[in-house]
Amino acid sequence: MKLSKDQQQKVILGAMLMVGVIYATNEFLLSPLALERAALADEMTSNEPKLREMRGQVARTKGLAEKAPAASKIIDQVGAMIPDGAPVAWFPPKISDFFKAGGVDKAVARFGTEALEKDLPGYRKLSWSVEIPNADFLRFATTLAKVENAEPLLEFTGFEIQANREQADTQRVLLSVQNIIKQ
């Protein structure tokens, strides 16, 4: 089958048109898509660390959500252990009564400083100094242990024991105490 000159021109023109369409499709449709795909692949690899971090954050959040009821229970227990009213009104008599019950006659508590409690929102720590002018060491130590065991919100941060010049068998004791109270 032989094609006429007119048919040959049409076939050549059709072939050129087909090459043009293929070129235009490649250049204007497929190339931008390939570039976009490469950019998205780069973005995905750069976002991998962020994605891992976010998954870790979600896991930590779920862990905190699971621990929330126990933490609420602890906060309620802490709140129940703190008497109502101003600490200046109830702390000195309370500490004095503890030591009197242990056989230590006189304990004087003085307010020191106040700071927010980082671990318990809505609570703060008060610092006190407690002076016991005449204390028998064994009675004092026993009473101090009882106070620490009976009052979990008290923390003895330091103490100083001095020999008593007037009475050789007693000592003068200075305690540094912190306790947690509601704001």
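- Val130 has its side chain out of reach of Leu174: every pair of non-hydrogen atoms, C-beta onward, lies at least 4.5 Å apart.
- The minimum heavy-atom distance between Trp90 and Gly85, with the atom names listed, is NE1-O, 3.4 Å.
- Between Glu43 and Leu40 the shortest side-chain heavy-atom distance falls below 4.5 Å.
- Using a distance-only test at 3.5 Å, with no hydrogens or angles considered, no donor-acceptor pair links the side chain of Glu114 to the main chain of Leu126.
- For Ser127 (side chain) and Gln178 (main-chain N/O), no donor-acceptor pair under 3.5 Å exists by modelled atom type.
- The closest donor-acceptor contact from the side chain of Thr45 to the backbone of Asp42 lies under 3.5 Å.
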Practice problem: Check the pair Glu117, Arg124 against salt bridge (Lys or Arg N to Asp or Glu O under 4.0 Å), reporting the backbone distance first and the verdict last. | Solution: CA-CA 5 Å; Glu117 176 60 30; Arg124 54 193 165 131; over 6 Å; no

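- Distance alone, capped at 3.5 Å, is enough to place a donor-acceptor pair between the Thr157 side chain and the Ser176 backbone.
- Taking a 6.0 Å sphere around CZ of Phe111, one finds it holds more than 12 heavy atoms contributed by other residues, nucleotides or ligands.
- Hydrophobic clustering (ILVMFWY, side-chain heavy atoms < 4.5 Å, transitive): Leu116 and Ile82 are in distinct clusters.
- When the shell of 6.0 Å around CZ of Arg139 is examined, it contains 12 or fewer heavy atoms from other residues, nucleotides or ligands.
- Under a cut-off of 6.0 angstrom, the local environment of NZ in Lys10 is sparse, with at most 12 non-hydrogen atoms contributed by other residues, nucleotides or ligands.
- A side-chain N or O of Gln162 and one of Glu160 form a donor-acceptor pair less than 3.5 Å apart.
- Around the CG atom of Asp97, the shell of radius 6.0 Å holds more than 12 heavy atoms that belong to other residues, nucleotides or ligands.
- Counting heavy-atom neighbours within 6.0 Å of Asp84 CG, excluding the residue itself, gives a total of 12 or less.
- Judged purely by atom type and a 3.5 angstrom limit, Ser96 has no side-chain atom pairing as donor or acceptor with the backbone of Pro93.
- Within 6.0 Å of the CZ atom in Phe156, the count of heavy atoms belonging to other residues, nucleotides or ligands exceeds 12.
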